[in-house]
Amino acid sequence: MALLEIKNMVVEFPGRHGVFTSVKDVSLDVAEGEILGLVGESGAGKSTVGNAVLNLLQAPGRLAAGEVWLNGERIDQLSQSKFRSIRGKRISMIFQDPMTSLNPIETIEYQLVETILTHLDVSKKEAEQRAIDLLDQVGIPDPATRIKQYPHQFSGGMRQRVVIALALSVEPELIIADEPTTALDVTIQAQILELIKDLCKSRNLGVILVTHDMGVIAETADRVAVMYKGELIEVGDSDQVLRAPKEEYTKSLIAAVPPSNKKIHRFPKVALTDSDGSALQDFDLKGHWLAAGDVHDATQGTLLDVKNLSKRFLVQNAFLERNRRYVDAIKSVSFDVKAGETFGLVGESGSGKSTVARVLTGIHPATSGEMIFDGKDLTGKSGKSEAAAARGDIQMVFQDPYSSLNGRMKIGSIVAEPMVVNNLTSNKEERDDIVADLLELVGLGKDAARKFPHEFSGGQRQRISIARALATRPRFLICDEPTSALDVSIQAQILNLLKDLQEELNLTLLFISHDLPVIRQMCDRVGVMQFGELMEVAETEAIFEAPQVAYTQQLVSQMPKFSK
């Protein structure tokens with residue numbers, strides 16, 4: 001008997017314009033001790049299947065047909081009150097977005113201890129110690145101290161580790177892991193996947209692993225199920241599906257996976273269609289709005305020069321200076337970015353990569369050091385007007401596509417906002433045309449302008465973020481994990497788009513990512529960060545073929561490998 005059985009599941013979302021069916025007659029089963037990989041495009045219905053199993057569909061979503069069985073017991077007809085004894089205790093979920101799944105006004109300790117006490121018969125002291133041990137298991141340094149902190153004091157990857165610790169805290173029978181390693185660097189990803197595999201063996205735990213990372217699937221999953229437009233199109237053993245797929249869609253997905261063992265000029269064009277049936281393809285920028293007008297001068301030499309950059313955060317305030325506690329997020333970091341190149345930053349979650357990006361954009365002021373962009377001082381020492389003028393040429397694509405978009409604004413207004421703030425055009429009709437052009441460029445279509453962020457999947461929201469960043473025709477684009485929420489087909493399209501923009505507009509990129517195969521394909525040079533310090537800077541191929549520092553060697557060795 002299977003641990004979990006999903007029979008002929010149909011999920012519908014009624015709306016003003018009719019009923020949208022997001023899951024169409026899906027049947028799956030998961031055995032004890034088995035990891036089932038669930039893959040497909042963003043918006044294919046993968047997360048909806050997990051939410052339906054847990055009875056967590058957002059209104060007006062409903063399970064219109066089908067059955068869900070857990071260990072021989074039908075659970076889809078249970079009331080919400082009865083389902084609470086199953087949700088969390090017998091079935092846990094690792095959600096895709098760690099920031100919105102943690103309570104921002106409670107400490108990590110409170111959230112872990114509350115969950116343990118709710119579902120397990122242990123004392124508060126035992127629960128507190130168990131919580132610390134769990135943080136240690138998922139790789140959070142100094143867990144006894146960090147457990148007292150709040151979610152906003154953790155990086156994206158560390159918040160994901162906390163969510164994983166929450167899911168593991170009550171020893172469930174089944175875990176639904178929705179992109180559990182999306183925000184994790186390769187070392188922690190390897191540690192988490194090994195932990196999940198060990199739990200499957202030691203506890204006979206079943207896992208549904210929802211991911212777009214084929215490397216993770218190849219190294220972790222026993223079987224793979226492929227979804228497309230809400231339908232299950234192929235199921236089989238991992239080796240069979242990944243090495244000899246039967247369906248054209250599966251072949252297209254695998255073709256779009258960036259190789260880890262070599263560098264390619266462009267990603268293969270994926271012959272797929274998106275949710276409204278229009279073809280997803282590479283766009284020709286010739287004659288496009290972004291390529292019209294004045295193209296950035298092909299400046300030679302260094303565009304950005306960073307010298308001894310440091311950033312210190314206050315983590316514990318006190319009246320007396322000696323009692324205050326600080327954390328050094330960046331420690332005397334120095335690097336330069338040449339005009340027209342792509343400079344990559346890699347390293348563990350919490351190593352300071354995103355902090356560098358936020359200091360460069362002015363979100364955080366630098367504690368010390370210099371940042372010179374095209375001869376202009378970004379620190380403000382030479383005047384705030386000079387720094388503001390220089391930052392007009394710098395835009396950023398943020399890591400989290402959920403919290404970086406205003407949920408009360410329509411997509412058209414979100415994409416147009418940088419043009420309004422920077423006074424680029426006062427003509428609303430012209431702005432609307434530019435917005436429609438940008439949304440077409442990132443594969444969403446002009447009709448997306450009339451919708452709100454909640455109507456899009458995580459990957460689609462990231463494409464909106466990229467469209468917004470391009471709205472000012474930036475000269476320097478900072479991409480902080482720009483493809484972490486994207487499936488491989490859309491990732492290939494976006495990365496090709498960034499390459500095209502770079503060639504057509506002489507765009508310069510700072511590319512921050514934990515995805516080493518993507519870094520290899522995109523970057524000319526790479527800097528490796530650890531504990532706020534820059535450990536090594538070298539040409540990309542030198543980093544992958546002959547890393548000089550032990551930490552870099554460890555990163556490269558633990559990279560998920562998927563050969564086609």
Side-chain angles (χ1 to χ4, degrees), residues 99 152-159 182-185 303-313 327-338 341-374 378-380 387-388 390-405 418 462 465-466 468-470 472 474-485 494 498 502 507-515 518-519 522-535 537:
M99 193 59 190
H152 73 270
Q153 295 174 282
F154 287 72
S155 68
M158 286 189 173
R159 286 195 291 264
T182 290
L184 303 183
D185 59 89
L303 180 65
L304 174 70
D305 193 10
V306 176
K307 295 180 180 177
N308 301 316
L309 186 66
S310 297
K311 177 60 186 175
R312 169 175 282 192
F313 290 101
V327 61
D328 291 308
I330 310 173
K331 306 172 187 176
S332 194
V333 166
S334 299
F335 64 92
D336 64 85
V337 183
K338 295 177 174 58
E341 83 165 340
T342 300
F343 184 86
L345 275 182
V346 300
E348 285 187 287
S349 158
S351 64
K353 308 184 302 295
S354 295
T355 304
V356 169
R358 283 167 167 73
V359 172
L360 287 174
T361 54
I363 296 173
H364 297 318
T367 302
S368 62
E370 295 181 1
M371 298 178 290
I372 307 299
F373 179 81
D374 195 24
L378 294 179
T379 61
R391 286 201 169 95
D393 281 332
I394 301 173
Q395 287 293 326
M396 183 167 174
V397 179
F398 292 92
Q399 179 176 359
D400 180 13
Y402 288 86
S403 60
S404 63
L405 300 179
Q462 191 66 301
S465 298
I466 292 171
R468 177 180 60 183
L470 295 174
T472 61
R475 187 175 181 185
F476 187 76
L477 189 62
I478 300 174
C479 301
D480 188 4
E481 302 280 4
T483 60
S484 65
I494 292 298
L498 289 173
Q502 191 167 31
L507 192 65
T508 305
L509 301 180
L510 176 62
F511 200 95
I512 299 169
S513 180
H514 67 271
D515 192 328
V518 169
I519 285 285
M522 290 298 296
C523 300
D524 301 298
R525 290 186 301 137
V526 178
V528 182
M529 293 192 69
Q530 184 185 31
F531 302 135
E533 298 182 20
L534 197 58
M535 308 299 293
V537 178

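Everything numeric in this text was worked out from a predicted model, so none of it was measured.
Between Gln153 and Met158, every side-chain heavy-atom pair lies at or beyond the 4.5 Å cut-off. You'll find the side chain of Leu534 reaches within 4.5 Å of the side chain of Leu345, heavy atoms only. Side chains of Val333 and Met529 form a contact here, defined as non-hydrogen atoms less than 4.5 Å apart. Residues Ile394 and Leu304 have side chains not in contact (no heavy-atom distance under 4.5 Å, counting atoms from C-beta outward).
Closest of all the heavy-atom pairs between Asp480 and Ser354 is OD2-OG, 2.8 Å. Shown here for Val359 and Arg391, the closest heavy-atom pair between the two residues is O-NH2, 3.3 Å. Contact detail for Ala469 and Val397: the closest heavy-atom pair is CB-CG2, 3.7 Å. When all heavy atoms of Ile512 and Ala357 are compared, the pair lying nearest together is CD1-CB, 3.7 Å. The two residues Ser465 and Ser404 have their closest heavy-atom pair at OG-OG, 3.7 Å.
Under the salt bridge (charged side-chain N to carboxylate O under 4.0 Å, His left out) criterion, Arg525 pairs with Asp336, Glu341, sequence neighbours left out. Under the side chain to side chain contact (heavy atoms under 4.5 Å, CB included) criterion, Ser513 pairs with Glu481, Phe511, Asp515, Ile519, sequence neighbours left out. For the ring-ring contact (aromatic ring centres under 6.0 Å, His included) test, no residue two or more places apart in sequence or in another chain qualifies with Phe154. The ring-ring contact (aromatic ring centres under 6.0 Å, His included) check on Phe313 picks up His364, with sequence neighbours excluded. Looking at residues two or more places apart in sequence or on another chain, you find a ring-ring contact (aromatic ring centres under 6.0 Å, His included) between Phe373 and Phe476. Not counting sequence neighbours, the partners of Glu533 by the side chain to side chain contact (heavy atoms under 4.5 Å, CB included) test are Lys331, Met535.
In summary, Asp374 and Arg475 engage in a salt bridge, as defined by a charged side-chain N under 4.0 Å from a carboxylate O.
A distance-only check finds no donor-acceptor pair linking the side chain of Thr342 to the backbone of Asp524 [under 3.5 Å].
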